[in-house]
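This report refers to the structure that appears directly beneath it.
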There are 2 protein chains.
Amino acid sequence: MKNANHDDLTLGLRLRTLRERAGLSQRALAKKSEVPNSTISLIESGKMNPSVGALRRILQGIPIGMSDFFSFEIETEQTVFYAAEELTEIGKGGLSLRQVGSNLHGRAMMILQETYDLGADTGRVMYGHEAEEGGIVISGRVEVTVGEQRKVLGPGDAYYFDSRTPHRFRQMGPEKCRIVSACTPPTF
Amino acid sequence: MKNANHDDLTLGLRLRTLRERAGLSQRALAKKSEVPNSTISLIESGKMNPSVGALRRILQGIPIGMSDFFSFEIETEQTVFYAAEELTEIGKGGLSLRQVGSNLHGRAMMILQETYDLGADTGRVMYGHEAEEGGIVISGRVEVTVGEQRKVLGPGDAYYFDSRTPHRFRQMGPEKCRIVSACTPPTF
DNA sequence: GAAAAGTGTTGCGGATATTGAACATGAAAA
DNA sequence: TTTTCATGTTCAATATCCGCAACACTTTTC
């Protein structure tokens, strides 16, 4: 029987905490995750160093994402500067989001540089929880709809609203649209 | 030789991207991380599913945290907004602040478009109460000092810090500097 | 040109993760 | 009590990772 390593033990305790918080037994989680219960037991007791794939499958049963799972490993010194290339890029369709700070844990707000390609459209969006968001158009044009109000914004124009109001962004005109936005608290 | 699995391939490409962004060869990273270069090669080409421990050691050489590494797996729902129009202008010296929303009452955050004229300098600033602020440079260059850390930022670069840390902004180079920033809660 | 140093990619053997089944314990039901 | 079901742990066999070394290739140096 293998001895418990420190890192493995920490990881195991993290998993156990999350599993119990979800109200699942080792076997229940094992069934949902399609992983043998023995694997979960060994990981939780720090007796093995799971592969990324195995851990990912297990976490899907909780469910929780890999990034959130490892968020407990946060570094102590505050990261202040982010080079343009290292902004975390989140692409989805014709919309590119460059996020300041790849991990949002413990932060009060999220700042994004958004680029809408020609024809990009977010569709209708509404958040169920309380949040506020706003931004300034840097270049290009975008049609913004919030509740019953609708307006086309150009460079220098701005917006600010409650995230719970249904809202939608649609790129307009012949060039891509760039926006810098912020929201609090951080949400997607 | 093992075939490439889809998840492993995605993970490998993510590692390759980060490694190249850091300007490291497989061998250079291998040496820093104290891991054989072959392991890095196999992971990047999606031919193996590394253990958590192995991946963690490798990431330490870049360096990047586990949570940040997996942040690309965050499924993006939607991020959207609404239009306001006139930005309240607040001039002070060589610094012009255009504030989104003339009235801050009841708002969770403040968004500003800042323009630093040639030679503009905020001097040393520190807020006594808890707040966070961040921003993205749109054009020009600015030297940002936060606590003991100092860096010159250009277009696309970003920053984020706790407002209680003493900080200072100083315009650099031959052109005005424009920044879009946000802070929460709203403060001056 | 040849040599040297760089790059990423295999091959192989030992170490280890992973699996299904057996085990131990405790709580609830008959 | 005895049975039944649930919990988490451990075992032995197999699949896989991991580490060293060698390989093929490109770029730089002499």
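Predicted model only: the values in this text are computed from it and were never measured. In what follows, chains are A, B, ... by sequence order, proteins preceding strands, each numbered from 1.
The separation between B:Glu44 atom CD and C:dG8 atom P is 7 Å, rounded to whole Å. Rounded to whole angstrom, the span from the CZ atom of A:Arg56 across to the P atom of C:dA17 amounts to 18 Å. In this structure, CG of B:Asn49 is placed 10 Å from P of D:dT16, rounded to the nearest angstrom. In this structure, B:Ile40 atom CD1 and C:dG8 atom C1' are separated by 11 Å, rounded to whole Å. Between the P atom of C:dG6 and the CG atom of B:Leu24 lies a distance of 14 Å, rounded to the nearest Å. To the nearest angstrom, C1' of C:dT9 lies 14 Å from CE of B:Met48. For the pair B:Leu55 CG and C:dA17 P, the computed distance is 15 Å after rounding to whole Å. Distance, B:Gln26 CD to C:dA5 P: 21 Å, rounded to whole Å.
B:Ser38 contributes a side-chain N or O that forms a donor-acceptor pair with the base of D:dC20 under 3.5 Å. The base of C:dT9 lies close enough to the side chain of B:Asn37 for a donor and an acceptor atom to sit less than 3.5 Å apart.
For B:Leu42, the listed nucleotide lying nearest its side chain is C:dT10; candidates were C:dT10, C:dT19, D:dG8.
Among the atoms of the strands shown, only primed sugar atoms or phosphate atoms (P, OP1, OP2) are found under 4.0 Å from some heavy atom of B:Ser25. Within 4.0 Å of A:Thr39, counting heavy atoms only, lies at least one base atom of the nucleic acid. Backbone-only contact: B:Ser51 has heavy atoms under 4.0 Å from sugar-phosphate atoms and none from a base.
Residues forming a side chain to side chain donor-acceptor pair (under 3.5 Å) with A:Glu20 (at least two apart in sequence, or on another chain): none.
No donor-acceptor pair closer than 3.5 Å links the side chain of B:Ser41 to the backbone N or O of B:Asn37. Checking side-chain atoms of B:Gln171 against main-chain N and O of B:Gly173 turns up a donor-acceptor pair under 3.5 Å. Proximity of a side-chain donor or acceptor of B:Ser181 to a complementary backbone N or O of B:Gly135 within less than 3.5 Å is not detected.
Under 4.0 angstrom from either OP1 or OP2 of D:dG19 there lies at least one side-chain N or O belonging to B:Arg57. The phosphate of D:dT7 (OP1 or OP2) has no side-chain N or O of A:Arg19 nearer than 4.0 angstrom. Between C:dA17 and A:Lys47, no contact under 4.0 Å exists linking OP1 or OP2 to a side-chain N or O. Taking 4.0 angstrom as the limit, A:Ser41 places a side-chain polar atom (N or O) nearer than this to OP1 or OP2 of D:dT9.
Across every non-hydrogen atom of A:Val52 and B:Asn49, the tightest pair is N-OD1, 3.4 Å.
Of the listed residues (A:Thr115, A:Ile138, A:Val142, A:Val144), just one forms a side chain to side chain contact (heavy atoms under 4.5 Å, CB included) with A:Ile179, and that residue is A:Val142.
Within the structure, every pair that satisfies the salt bridge (Lys or Arg N to Asp or Glu O under 4.0 Å) test and touches residues 30-45 of chain A, not counting sequence neighbours, is listed here: A:Arg16-A:Glu44, A:Arg19-A:Glu44.
For DNA chain D, the residues of residues 27-36 of chain A within the heavy-atom distance limit of 4.0 Å (strictly under) are A:Arg27, sorted by number.
Atom CD1 in A:Ile40 sits 11.5 Å away from atom OG in A:Ser45 (nearest 0.5 Å).
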